[in-house]
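Following: one structure in structure tokens, then a few remarks.
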2 protein chains.
Amino acid sequence: MNIPVARDKFRRFLTQKGLRVTNQRLAIFDAALAQTEHFTAERLLDFARAIDDSVSRATVYRTLPIMVESALLREVDIGTGEKYYHPNEEGSTTQVAQVVCLDCDKIFEISAPFMGWYGNTVSSKLGLTPVSQRLQVSARCDTLRLTGSCPRRN
Amino acid sequence: MNIPVARDKFRRFLTQKGLRVTNQRLAIFDAALAQTEHFTAERLLDFARAIDDSVSRATVYRTLPIMVESALLREVDIGTGEKYYHPNEEGSTTQVAQVVCLDCDKIFEISAPFMGWYGNTVSSKLGLTPVSQRLQVSARCDTLRLTGSCPRRN
DNA sequence: TTGTGTGCAAAATGTTTGCAAATCA
DNA sequence: TGATTTGCAAACATTTTGCACACAA
């Protein structure tokens with residue numbers, strides 16, 4: 001999904017929710033959608049400020065949940081204290097797992113269609129209805145271990 | 001595994017690591033192992049202080065990673081800002097998933113043996129070696145939704 | 001005896017919030 | 001116009017750390 005189309009979706013989402021379309025929100029949105037890798041709130045602040053230097057940290061933190069709710073952005077919590085975000089691909093109903101390299105700090109997203117089935121099975125046994133699922137694998141880089149340097153590192 | 005046996009394992013673990021067996025560490029350990037539900041660092045501090053009131057918050061935070069490394073305790077991060085802990089059952093090589101009820105705040109642990117297979121498969125494709133995996137399902141209570149009250153609540 | 005472990009309080013981290021001023025509808 | 005949104009800085013919550021004293025080996 002290209003950025004102008006996505007931006008339009010976001011504008012519509014805001015309006016429909018009774019929220020205002022502000023320059024800051026658009027700057028933060030554009031900055032977020034331009035990313036190809038996972039990013040944190042702090043890095044998004046930098047990117048957004050490059051577009052509109054009036055953007056503040058508070059507004060980034062206030063805008064992130066809105067973008068996540070609009071389903072144009074996905075939140076990824078890998079248990080490192082800070083949350084990561086990533087633009088959501090089209091047709092985002094697919095379940096994805098994250099493989100996090102402890103050496104590179106890179107996050108790889110892998111489809112894991114069985115997650116939905118597992119969540120349903122297991123939840124219904126407990127009298128619960130699943131809301132969301134996450135599957136994460138932490139791993140170490142083989143190349144780094146064997147050769148002392150990781151091709152993906154920086 | 002009963003507590004005296006586990007405590008012995010912990011003493012041996014400390015000694016073997018060149019760490020000292022202190023009253024505080026033992027109090028924190030006993031408090032942790034006595035729990036049947038998941039607990040946070042803060043709650044563990046309370047429990048440990050009931051055994052030895054000289055225990056400080058800092059020591060709890062410093063002891064938790066040691067107990068996790070000894071494999072007698074398991075760390076569970078459900079993405080709520082604070083970490084949860086749980087005594088590890090015997091033969092803890094089994095992979096477990098957590099089902100977290102968003103209504104009860106209860107954490108259920110369910111065996112998920114396929115996790116190991118998935119982690120290996122997916123990691124090796126990326127040239128990585130898996131270190132750990134986690135699978136979590138967030139869910140809502142059916143009974144609460146249907147009847148307005150949850151039998152597990154408090 | 002001596003170096004590890006401790007309690008305390010302060011720092012660090014990532015995120016949230018109160019408030020007056022700015023701005024979108 | 002008037003309610004929403006903003007930036008700023010202070011507040012927050014959890015965890016970590018520096019330091020002087022205590023204590024296990």
Side-chain angles (χ1 to χ4, degrees), chain A residues 7 10-32 38-70 73 75-85 105, chain B residues 7 10-32 38-70 73 75-85 105:
Chain A
R7 190 195 291 137
F10 186 55
R11 296 184 97 112
R12 249 177 287 129
F13 179 82
L14 289 175
T15 309
Q16 171 219 319
K17 280 265 167 185
L19 299 171
R20 293 182 181 170
V21 178
T22 66
N23 287 333
Q24 288 88 342
R25 281 175 177 162
L26 289 179
I28 294 167
F29 180 81
D30 284 358
H38 293 74
F39 56 89
T40 61
E42 197 62 27
R43 280 177 69 77
L44 181 55
L45 174 61
D46 291 338
F47 296 136
R49 277 188 167 155
I51 298 173
D52 177 344
D53 66 1
S54 81
V55 169
S56 73
R57 179 172 290 106
T59 301
V60 168
Y61 276 104
R62 286 189 276 233
T63 304
L64 277 168
I66 298 174
M67 295 193 293
V68 170
E69 202 198 329
S70 82
L73 204 65
E75 191 180 274
V76 179
D77 179 350
I78 59 166
T80 48
E82 59 197 342
K83 284 176 182 158
Y84 285 81
Y85 297 87
D105 284 329
Chain B
R7 190 195 291 137
F10 186 55
R11 296 183 97 112
R12 248 178 286 129
F13 179 82
L14 289 174
T15 307
Q16 173 219 316
K17 280 267 169 186
L19 300 170
R20 293 181 180 173
V21 178
T22 65
N23 287 332
Q24 287 89 342
R25 280 174 177 163
L26 289 179
I28 294 167
F29 179 81
D30 284 358
H38 292 73
F39 56 89
T40 61
E42 197 61 27
R43 282 177 67 77
L44 181 56
L45 173 61
D46 292 339
F47 296 135
R49 277 188 166 155
I51 298 172
D52 177 344
D53 65 2
S54 80
V55 169
S56 73
R57 180 172 290 105
T59 300
V60 167
Y61 276 106
R62 286 189 274 232
T63 304
L64 278 168
I66 298 174
M67 296 194 292
V68 169
E69 203 199 329
S70 82
L73 205 66
E75 191 179 274
V76 179
D77 179 349
I78 59 167
T80 49
E82 62 198 339
K83 284 175 180 157
Y84 285 81
Y85 296 87
D105 283 328

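Per chain, numbering begins at 1; letters A, B, ... match sequence-line order.
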Identify each atom pair where a protein N or O and an N or O of nucleotides 18-24 of chain C are less than 3.5 Å apart, giving names and distance.
from	atom 1	to	atom 2	distance (Å)
C:dC24	O2	A:Arg20	NH1	2.9

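Rounded to an integer number of Å, the gap from A:Lys83 NZ to D:dA13 C1' is 13 Å. B:Glu42 has its CD atom 16 Å from the P atom of D:dC12, to the nearest Å. In this structure, A:Arg57 atom CZ and D:dT5 atom C1' are separated by 18 Å, rounded to whole Å. For the pair B:Leu64 CG and C:dT6 P, the interatomic distance rounds to 12 Å; values are reported in whole Å. Straight-line distance from the CG atom of B:Leu44 to the P atom of D:dT14: 15 Å, rounded to whole Å. For the pair B:Ile66 CD1 and D:dT16 P, the interatomic distance rounds to 12 Å; values are reported in whole Å. Atom NZ in B:Lys17 sits about 22 Å away from atom P in D:dA24, given to the nearest Å. Rounded to an integer number of Å, the gap from CG of B:Asp52 to P of D:dA24 is 11 Å.
Residues satisfying the salt bridge (Lys or Arg N to Asp or Glu O under 4.0 Å) test with B:Arg7, not counting sequence neighbours, are B:Asp30. Residues satisfying the salt bridge (Lys or Arg N to Asp or Glu O under 4.0 Å) criterion with B:Asp52, sequence neighbours excluded, are absent altogether.
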Report the C-alpha separation of B:Arg25 and B:Ile66 in whole Å, then their side-chain angles, then the decisive distance to 0.1 Å, and conclude whether the side-chain contact (heavy atoms from CB on, under 4.5 Å) test is met. CA-CA 10 Å; B:Arg25 280 174 177 163; B:Ile66 298 174; 4.0 Å; yes
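Between atom CD1 of residue B:Ile28 and atom OG of residue B:Ser56 there is a gap of 7.0 Å, rounded to the nearest 0.5 Å.
Applying the salt bridge (Lys or Arg N to Asp or Glu O under 4.0 Å) definition to pairs two or more places apart or across chains, none involves residues 58-67 of chain B. Within the structure, the ring pair (Phe, Tyr, Trp, His ring centres under 6.0 Å) test picks out the following pairs touching residues 10-32 of chain A (sequence neighbours left out): A:Phe10-A:Phe29.
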Please table the atom pairs, donor to acceptor, closer than 3.5 Å between any side-chain atom in residues 39-50 of chain A and protein atoms at least two apart or in another chain.
from	atom 1	to	atom 2	distance (Å)
A:Thr40	OG1	A:Arg43	N	3.2
A:Glu42	OE1	A:Arg57	NE	3.1
A:Glu42	OE2	A:Arg57	NH2	2.6
A:Arg49	NE	A:Val55	O	2.8
A:Arg49	NH2	A:Val55	O	3.4

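Position along DNA chain D of the nearest nucleotide to B:Glu82 versus A:Val60 favours A:Val60 as the more 5'-ward residue. When the nearest nucleotides of DNA chain D are assigned to A:Thr59 and B:Tyr61 by heavy-atom distance, the more 5′-ward of the two goes with A:Thr59. Mapping B:Asp53 and A:Thr15 onto DNA chain C by nearest heavy atom places B:Asp53 at the nucleotide closer to the 5' end.
Comparing D:dT15, C:dT15, D:dT6 against the side chain of A:Ala41 picks out C:dT15 as the nearest. The side chain of A:Arg25 approaches D:dT6 more closely than any other nucleotide in the set C:dG14, C:dC8, D:dT6.
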